[in-house]
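Just so we're clear, the structure is a prediction, and the values are computed from it rather than from any experiment.
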Amino acid sequence: MSRKKARIGAMQSLYAMEANDDFSEHNLELFLENNNFLGDELDYINRVIPDLLSNIDKIDSTIQKNLKGWTMARLAKVDRQILRIAVYEFLFKDDIPPEVSINEAVEIARLYSTEESPKFINGILGSIYRSF
């Protein structure tokens with residue numbers, strides 16, 4: 001499995017859900033039908049997205065506490081989804097070292113977000129990690 005591809009898929013599905021203001025299981029199914037993910041990648045997305053959505057208030061609260069001079073609504077949609085996945089992994093995935101989640105989030109930001117985003121995301125996730 002490419003965990004990076006799975007995380008990218010999770011980020012893209014969350015982005016699509018937020019863009020459509022539809023966080024339903026049906027919307028996740030549509031996303032997966034229209035994209036090509038392999039077995040373990042598909043399993044990751046199918047496990048993470050519903051669990052993340054059921055814990056989104058706690059995840060968003062954790063992120064918001066570490067945003068200095070920012071609000072969740074002010075974040076770029078891509079950055080918001082990248083942060084949500086990494087913080088979800090911090091809080092709910094004991095089998096993934098936080099350093100790995102941070103590194104993957106920064107790498108995904110390099111691919112999909114602005115030039116400033118990797119440093120911004122690294123700073124926020126580092127602050128969250130140190131607060132545990």
Side-chain angles (χ1 to χ4, degrees):
M1 164 178 93
S2 167
R3 182 74 53 104
K4 180 176 285 182
K5 186 174 178 186
R7 284 185 179 101
I8 289 169
M11 179 271 298
Q12 291 170 330
S13 68
L14 286 172
Y15 182 93
M17 289 174 161
E18 186 168 326
N20 293 314
D21 195 27
D22 179 0
F23 292 90
S24 69
E25 187 174 320
H26 176 71
N27 201 9
L28 176 59
E29 290 170 8
L30 286 174
F31 173 80
L32 293 173
E33 286 174 12
N34 290 295
N35 291 278
N36 187 24
F37 295 99
L38 303 174
D40 287 344
E41 297 159 353
L42 190 60
D43 289 344
Y44 176 88
I45 296 167
N46 273 320
R47 280 184 289 111
V48 166
I49 297 303
D51 196 32
L52 185 152
L53 292 174
S54 70
N55 291 289
I56 201 160
D57 291 338
K58 182 175 184 175
I59 293 164
D60 285 357
S61 173
T62 301
I63 295 168
Q64 184 61 57
K65 288 178 195 170
N66 290 276
L67 295 175
K68 307 296 183 224
W70 288 75
T71 63
M72 287 292 287
R74 188 172 166 216
L75 295 176
K77 283 182 181 154
V78 169
D79 293 351
R80 189 167 37 249
Q81 309 325 318
I82 293 169
L83 287 167
R84 282 175 169 162
I85 292 164
V87 172
Y88 166 79
E89 290 181 351
F90 284 4
L91 296 174
F92 301 102
K93 302 298 283 180
D94 294 337
D95 61 326
I96 302 172
E99 297 85 359
V100 171
S101 297
I102 292 170
N103 185 57
E104 289 289 322
V106 170
E107 290 300 315
I108 293 169
R110 278 195 182 102
L111 292 171
Y112 289 93
S113 199
T114 67
E115 190 174 310
E116 298 82 22
S117 289
K119 184 177 179 182
F120 179 73
I121 286 172
N122 188 55
I124 293 169
L125 293 176
S127 175
I128 293 169
Y129 176 61
R130 287 186 298 277
S131 72
F132 287 135

Q.
Under the rule for side chain to side chain donor-acceptor pair (under 3.5 Å), what residues qualify as partners of Asn46, not counting sequence neighbours?
A. none
Q. Just how far is it from atom CD of Gln64 to atom CG of Asp57, taken to the nearest 0.5 Å?
A. 12.5 Å
Q. Between Glu104 and Arg3, does a side-chain contact (heavy atoms from CB on, under 4.5 Å) hold up when you go through it step by step?
A. CA-CA 9 Å; Glu104 289 289 322; Arg3 182 74 53 104; 5.6 Å; no
Q) What pairs with Ser24 under side-chain contact (heavy atoms from CB on, under 4.5 Å), at least two apart in sequence or on another chain? A) Asp22, His26, Asn27
Q: Quick one: list whatever passes side chain to side chain donor-acceptor pair (under 3.5 Å) with Ser101, sequence neighbours left out.
A: Glu89
Q: Measure the shortest side-chain to side-chain distance between Ser127 and Arg130 over non-hydrogen atoms and say whether it is less than 4.5 angstrom.
A: yes
(Q) Using the side-chain contact (heavy atoms from CB on, under 4.5 Å) criterion, which residues pair with Asp60? Sequence neighbours excluded. (A) Ile56, Ile63, Met72, Arg84
(Q) Between Arg110 and Glu115 (salt bridge meaning N to carboxylate O under 4.0 Å), is one present in this structure? (A) no
Q. If you take all heavy atoms of Thr114 and Ser117, which pair is closest and at what distance?
A. OG1-OG, 2.8 Å
Q: Would you check if there is a donor-acceptor pair between the side chains of Asn55 and Tyr88 at a distance under 3.5 Å?
A: no
Q: Answer whether the closest heavy-atom distance between the side chains of Met17 and Phe31 falls below 4.5 Å.
A: no
Q) For Pro97, which residues count as a side-chain contact (heavy atoms from CB on, under 4.5 Å) partner, sequence neighbours excluded? A) Glu99, Val100
Q.
What's the separation between atom CD1 in Ile102 and atom CD1 in Ile96, rounded to the nearest 0.5 Å?
A. 12.5 Å
Q: Would you indicate whether the side-chain heavy atoms of Ile45 and Leu28 approach each other to under 4.5 Å?
A: yes
Q.
Please determine whether side-chain contact (heavy atoms from CB on, under 4.5 Å) holds for the pair Phe92 and Leu52, giving the CA-CA distance in whole Å, both sets of side-chain angles, and the decisive distance to 0.1 Å.
A. CA-CA 9 Å; Phe92 301 102; Leu52 185 152; over 6 Å; no
(Q) What verdict does the side-chain contact (heavy atoms from CB on, under 4.5 Å) test give for Leu125 and Val106, after you've listed the backbone C-alpha separation in whole Å, the side-chain angles of each residue and the deciding distance to 0.1 Å? (A) CA-CA 9 Å; Leu125 293 176; Val106 170; 5.6 Å; no
Q. Of the non-hydrogen atoms in Asn36 and Lys5, which two are nearest, and what is the gap between them?
A. O-NZ, 3.2 Å
Q | Contact check, side chains of Glu25 and Pro50, non-hydrogen atoms, under 4.5 Å | A | no
Q | Carboxylate-amine/guanidinium proximity below 4.0 Å for Glu18 and Lys77 | A | no
Q: Look only at the side chain of Asn34 and the backbone of Leu30, and say whether a donor-acceptor pair between them is shorter than 3.5 Å.
A: yes
(Q) If we ignore hydrogens and angles and just use 3.5 Å, is the side chain of Asn122 paired with the main-chain N or O of Pro118 as donor and acceptor? (A) no
Q | Side chains of Arg47 and Lys93 in contact at under 4.5 Å (non-hydrogen atoms) | A | yes
Q.
Determine whether a donor-acceptor pair (N or O, by modelled atom type, separation under 3.5 Å) exists between the side chain of Thr62 and the backbone of Lys58.
A. yes
Q: Apply the test side-chain contact (heavy atoms from CB on, under 4.5 Å) to residues Met11 and Arg80: give CA-CA distance (whole Å), side-chain angles for both, the deciding distance (0.1 Å), then the verdict.
A: CA-CA 9 Å; Met11 179 271 298; Arg80 189 167 37 249; over 6 Å; no
Q) Who passes side-chain contact (heavy atoms from CB on, under 4.5 Å) against Arg74, sequence neighbours left out? A) Trp70, Thr71
Q. Can you tell me how far CD1 of Ile49 sits from OH of Tyr44, rounded to the nearest 0.5 angstrom?
A. 7.5 Å
Q.
For Ile121 versus Ala109, what's the shortest heavy-atom pair and its separation?
A. CD1-CB, 3.6 Å
Q: Kindly assign one of parallel, tilted or perpendicular to the pair Tyr129 and Phe90, based on the angle between their ring planes and the thresholds 30° and 60°.
A: tilted
Q: Grab the two heavy atoms, one from Ala10 and one from Ser13, that are nearest each other, plus how far apart they are.
A: O-OG, 2.9 Å
Q) Would one find more than 12 heavy atoms of other residues, nucleotides or ligands at under 6.0 Å from atom CZ of Phe23? A) yes
Q. At their closest point, which heavy atom of Ile8 faces which heavy atom of Tyr112, and how far apart are they?
A. CG2-OH, 3.4 Å
